[in-house]
2 protein chains.
Amino acid sequence: MAIPSARAGKPVTIRDVAAAAAVSIGTASKALNGRGRMREETRDRVFAAAERLGFRPNPLAQGLLAGRTYTVGLVTGDSYGRFSIPVMLGAEDALGAGQISVFLCDTRDDPIRERHYVERLLARRVEGIIVTGRRTEPRAGLGSGLPVPVVYAMTRSADESDVSIIPDDEGGGALATRHLLATGRTRIGHITGPERFEAARERARGVKGALTRAGLEPAGEILFGQWSEEWGRQAADILLHTAPDVDAIFCGSDQIARGVAETLREAGRRVPDDVALVGFDNWEPMALGCRPPLTTVDMNLGEIGRLAARHLLDAIAGHPSPGGVRTVPGTLVPRASTRRST
Amino acid sequence: MAIPSARAGKPVTIRDVAAAAAVSIGTASKALNGRGRMREETRDRVFAAAERLGFRPNPLAQGLLAGRTYTVGLVTGDSYGRFSIPVMLGAEDALGAGQISVFLCDTRDDPIRERHYVERLLARRVEGIIVTGRRTEPRAGLGSGLPVPVVYAMTRSADESDVSIIPDDEGGGALATRHLLATGRTRIGHITGPERFEAARERARGVKGALTRAGLEPAGEILFGQWSEEWGRQAADILLHTAPDVDAIFCGSDQIARGVAETLREAGRRVPDDVALVGFDNWEPMALGCRPPLTTVDMNLGEIGRLAARHLLDAIAGHPSPGGVRTVPGTLVPRASTRRST
DNA sequence: TTGAAAGCGCTAACAA
DNA sequence: TTGTTAGCGCTTTCAA
């Protein structure tokens with residue numbers, strides 16, 4: 001598509017303000033920026049003129065001079081946006097507070113498009129880049145030669161010298177498990193997504209760790225499968241056969257948990273009375289639509305975005321964080337699926 | 001939060017390129033932009049130097065001169081992002097193709113924040129603004145005094161002179177109804193969201209229109225309620241009592257449809273054999289998780305975003321579309337919930 | 001064919 | 001206290 005030609009409209013420049021206030025451009029600039037000393041009356045006059053004319057300094061010109069743009073790029077894959085959107089909003093939140101604006105780029109998980117967008121962001125002189133998007137495994141970094149700092153959020157760079165902010169999946173698994181233990185459950189099963197997902201493995205590790213510390217074993221095998229309701233239904237069937245005495249199930253996602261809930265209900269097991277259920281994601285439409293509403297682990301995605309933004313701002317300010325992975329703890333959101341009904 | 005101070009890093013300027021190629025700055029500029037005539041050899045030398053040094057023209061400087069920024073603002077409410085994200089991506093798609101970059105702003109549906117962000121975007125000299133976000137009713141426009149064109153997507157400006165791109169809700173309702181009629185259903189019920197939502201009213205109107213044209217009436221009352229699964233369950237119960245002979249139900253959202261599916265199953269009605277079911281949104285995790293997978297209407301959100309972007313680009317190019325509402329037709333996505341099993 | 005100079009809107013020196 | 005000047009990186013006359 002061709003670049004459309006410029007539109008009319010002539011913004012008010014500082015030159016106009018200066019003329020209207022009958023001062024020089026330099027004086028107008030100083031007045032507006034509160035630099036140097038000057039007569040109260042002059043400053044007022046300039047402000048009045050600026051106000052009246054609706055003057056807004058042109059940030060391009062300011063940036064050109066300062067060598068800054070006050071912009072960062074936000075590169076996201078995961079078009080579906082379920083995970084990366086809350087992260088984006090958190091980041092936008094933290095950056096917006098610092099008067100930094102955000103360029104949005106959607107790569108559709110295509111490395112070519114990603115490369116292309118990064119080029120474009122660099123051409124625009126963004127001062128930093130946040131890369132977000134859920135991945136199975138650590139992803140290749142953007143490259144080390146970049147002239148601006150990069151922070152990875154909700155995805156992990158394979159390069160250990162990069163800063164990556166991800167959820168504490170192991171901690172989340174342990175959190176859910178401890179919650180179930182605290183409600184008196186001891187035969188706890190775990191149904192989760194594909195084993196090739198680092199997140200699934202980490203959550204499972206958290207489960208095993210918490211159980212071991214309590215002197216327990218998981219009920220049945222840990223079942224790796226898909227991130228779908230359908231898998232939840234199948235896996236629940238399996239678990240009910242291999243570990244009929246199961247009294248709690250922690251699921252790797254809210255979707256899986258919904259499938260599990262259905263199978264349990266159809267098998268005549270009451271939730272939470274006979275079997276308590278915990279999900280993961282706190283994806284509200286899913287968790288609230290479940291019968292009963294689902295206790296689940298919230299990954300605090302917004303916080304992940306905010307933290308990523310803060311690391312980026314620090315790096316831009318010349319105080320880069322040491323590379324490595326930082327995790328954000330999850331929060332347990334208790335609902336009816338684990339409520340003691342006694 | 002304070003604005004962080006500038007970071008080191010010294011980008012390559014055209015001055016550097018000119019020096020390396022042993023030509024003047026003006027010549028280097030002409031060579032790089034293919035303007036004017038010049039010796040092949042000189043042009044090559046400049047290109048080689050630019051390549052070697054990794055030169056990228058500073059768009060701030062270019063924009064300063066051209067009086068353009070090649071940026072637009074994307075203002076979104078609807079933090080949850082379920083609707084506005086696909087719209088955003090569609091818009092970003094169309095704009096990105098034209099080398100326009102997108103500033104993302106999330107207003108959290110707060111008019112103060114919105115105002116604030118619009119100011120900021122204007123200060124940054126964006127060349128246009130897209131406003132997106134699901135609303136119950138037409139929203140107040142951003143104001144008519146804006147120096148740049150504005151297009152509303154997935155939300156309707158109350159000002160008829162503004163351009164708004166929204167889904168064809170009435171057409172979607174009719175589409176779903178005709179699909180049910182085509183599969184031989186005649187006792188068709190409709191369960192939907194709150195009547196205060198224009199979208200709910202429009203879809204219902206589409207249903208009634210299609211039925212009337214077929215010489216039919218809705219089965220039972222049209223049930224307005226909530227956009228939730230819980231309401232779907234309740235409403236299905238009601239409908240099964242008031243219109244026990246119902247053989248199809250069209251729901252105003254996929255979430256409602258899931259609730260309906262559950263109640264039907266528990267009431268011993270088979271889907272689609274006894275009662276066919278159609279949802280709205282094509283929200284895949286919901287529609288695919290349903291038992292059976294849900295036939296539903298896709299609003300083509302990406303297309304809405306793309307269209308909004310195209311209108312904006314035209315307006316920026318000096319060819320504003322006449323104000324008014326433009327609708328994007330939905331698409332029926334057939335799945336098992338309406339499949340003939342005979 | 002190439003180079004020099006002006007200027008986009010702004011700020012920061014320095015001069016008056 | 002105010003005005004003048006230079007220059008940020010680039011494009012575009014116009015002159016050589």
Side-chain angles (χ1 to χ4, degrees), chain A residues 3 5-47 49-50 53-70 122-125 127 147, chain B residues 3 5-47 49-50 53-70 122-125 127 147:
Chain A
I3 295 172
S5 68
R7 213 178 87 101
K10 24 183 81 48
V12 181
T13 74
I14 198 170
R15 189 190 245 75
D16 303 324
V17 174
V23 295
S24 76
I25 293 184
T27 303
S29 173
K30 272 184 287 193
L32 292 169
N33 295 289
R35 295 286 150 76
R37 306 216 156 287
M38 72 195 327
R39 267 217 324 268
E40 188 75 13
E41 191 269 333
T42 309
R43 188 181 305 272
D44 291 347
R45 203 145 35 88
V46 173
F47 266 96
L53 273 53
F55 170 73
R56 342 173 129 288
N58 185 330
L60 271 69
Q62 291 178 311
L64 184 55
L65 207 56
R68 299 200 53 185
T69 58
Y70 302 97
L122 293 177
R124 284 211 183 260
R125 302 293 195 269
E127 300 182 15
Chain B
I3 296 172
S5 69
R7 214 178 84 102
K10 24 185 84 42
V12 180
T13 74
I14 199 170
R15 191 190 243 75
D16 303 324
V17 174
V23 295
S24 76
I25 293 183
T27 305
S29 173
K30 271 184 286 192
L32 293 170
N33 295 290
R35 295 284 150 77
R37 305 215 155 289
M38 74 194 330
R39 266 214 328 264
E40 187 76 9
E41 190 269 335
T42 310
R43 190 182 302 274
D44 291 348
R45 204 145 34 91
V46 173
F47 267 95
L53 273 54
F55 169 73
R56 342 172 130 288
N58 185 330
L60 272 70
Q62 292 179 310
L64 184 55
L65 208 53
R68 300 199 52 186
T69 58
Y70 302 99
L122 293 177
R124 283 209 184 261
R125 301 293 196 270
E127 300 182 15

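By convention in this document, chain letters (A, B, ...) are assigned in the order of the sequence lines, proteins followed by strands, and residues within each chain are numbered from 1.
- Per the geometry, CD belonging to B:Glu40 stands 11 Å off P belonging to C:dT2, to the nearest Å.
- Here the side chains of A:Val46 and A:Leu32 are in contact, with some heavy-atom distance below 4.5 Å.
- Here the CG-OG1 distance, from B:Leu53 to B:Thr13, works out to 9.0 Å after rounding to the nearest 0.5 Å.
- For the OP1/OP2 pair of C:dG9 and a distance below 4.0 Å, the side-chain nitrogens and oxygens of A:Gln62 include no atom meeting the criterion.
- In this structure, CG of B:Leu60 is placed 13 Å from P of C:dC10, rounded to the nearest angstrom.
- By the side chain to side chain donor-acceptor pair (under 3.5 Å) test, B:Thr42 pairs with no residue at all, sequence neighbours left out.
- Of the residues near DNA chain C, B:Thr42 and B:Leu64, the one whose nearest nucleotide (by heavy atom distance) lies more toward the 5' end is B:Thr42.
- Expressed to the nearest 0.5 Å, how far CG of B:Leu65 lies from CG of B:Leu60 amounts to 12.5 Å.
- Between A:Asn33 and C:dT11 there is a side-chain polar atom (N or O) within less than 4.0 angstrom of OP1 or OP2.
- Distance check, rounded to the nearest 0.5 Å: CZ of A:Arg43 to NZ of A:Lys30 gives 10.0 Å.
- Counting any heavy atom pair closer than 4.0 Å across all strands shown, B:Arg37 reaches a base atom.
- Taking atom CZ of A:Arg68 as the reference point, atom C1' of C:dT11 lies 15 Å away to the nearest angstrom.
- Looking only at distances, no side-chain donor or acceptor of B:Asn33 sits under 3.5 Å from a matching main-chain atom of B:Arg35.
- The CE atom of A:Met38 sits 15 Å away from the C1' atom of C:dA16 (whole-angstrom rounding).
- Protein chain A touches strand DNA chain D; the 5'-most and 3'-most nucleotides with an atom under 4.0 angstrom of its non-hydrogen atoms are D:dT1 to D:dG9.
- Atom CG of A:Asn58 sits about 10.5 Å away from atom CZ of B:Arg124, to the nearest 0.5 Å.
- One interatomic measurement links the two molecules: CZ of A:Arg15 to P of C:dT11, which rounds to 13 Å at whole-angstrom precision.
- Rounding to the nearest 0.5 Å gives a distance of 10.5 Å between CD of B:Glu40 and CE of B:Met38.
- B:Arg125 and B:Thr69 get closest at one heavy-atom pair: O-OG1, 2.6 Å.
- Of the residues in residues 20-31 of chain B, those placing a heavy atom less than 4.0 Å from an atom of DNA chain D are B:Ile25, B:Gly26, B:Ser29, in numerical order.
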